[in-house]
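This report concerns only the one structure given below.
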Amino acid sequence: MLSKTTLQRNHLYQFRGQQLRYSHRSNCRVNAPFIFNDSKGKRKELSQNQVQREVFELVEFCEN
């Protein structure tokens with residue numbers, strides 16, 4: 001379970017088997033969605049309940 005303060009911009013997360021990169025939280029309304037992008041650049045908006053229940057952070061490995 002994640003809270004809104006633990007999400008970090010440009011970090012990789014998993015939602016229902018799909019890898020998504022966190023972009024930002026929309027400030028346009030009271031229950032604003034969390035904005036994620038998939039590997040194809042498609043935007044996905046998730047509610048706070050979805051983020052808390054179904055989004056898991058993935059650890060990225062990189063080689064030098």
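- Looking at Leu46 and Val55, their side chains come closer than 4.5 Å, going by heavy atoms from C-beta outward.
- Put simply, the side chain of Lys44 reaches to within 4.5 Å of the side chain of Leu20, judged on heavy atoms.
- Grouping Ile, Leu, Val, Met, Phe, Trp and Tyr by side-chain contacts under 4.5 Å, direct or through others, leaves Ile35 on its own.
- Using a 4.5 Å heavy-atom threshold, the side chains of Gln8 and Tyr13 count as touching.
- Interatomic distance, Leu7 CG to Gln52 CD, rounded to the nearest 0.5 Å: 9.5 Å.
- For the pair Arg53 and Gln48, the minimum side-chain heavy-atom distance is 4.5 Å or more.
- Rounding to the nearest 0.5 Å places CZ of Phe15 at 9.0 Å from CZ of Phe36.
- In this structure, CZ in Arg21 is found 9.5 Å from CG in Leu58, a value given to the nearest 0.5 Å.
- Tyr22 and Leu12 fall into different hydrophobic clusters, where Ile, Leu, Val, Met, Phe, Trp and Tyr are joined by side-chain heavy atoms under 4.5 Å apart, directly or via other members.
- Separating the CD atom in Gln18 from the CG atom in Asp38 is a distance of 5.5 Å, to the nearest 0.5 Å.
- One distance of note links OG of Ser39 with CD of Gln19; it measures 8.0 Å at 0.5 Å rounding.
- Minimum interatomic distance between Gln50 and Glu45 (heavy atoms only, all atoms of both residues): OE1-O, 4.3 Å.
- Atoms CZ and NE2, on Arg9 and His24 in that order, are 7.0 Å from each other to the nearest 0.5 Å.
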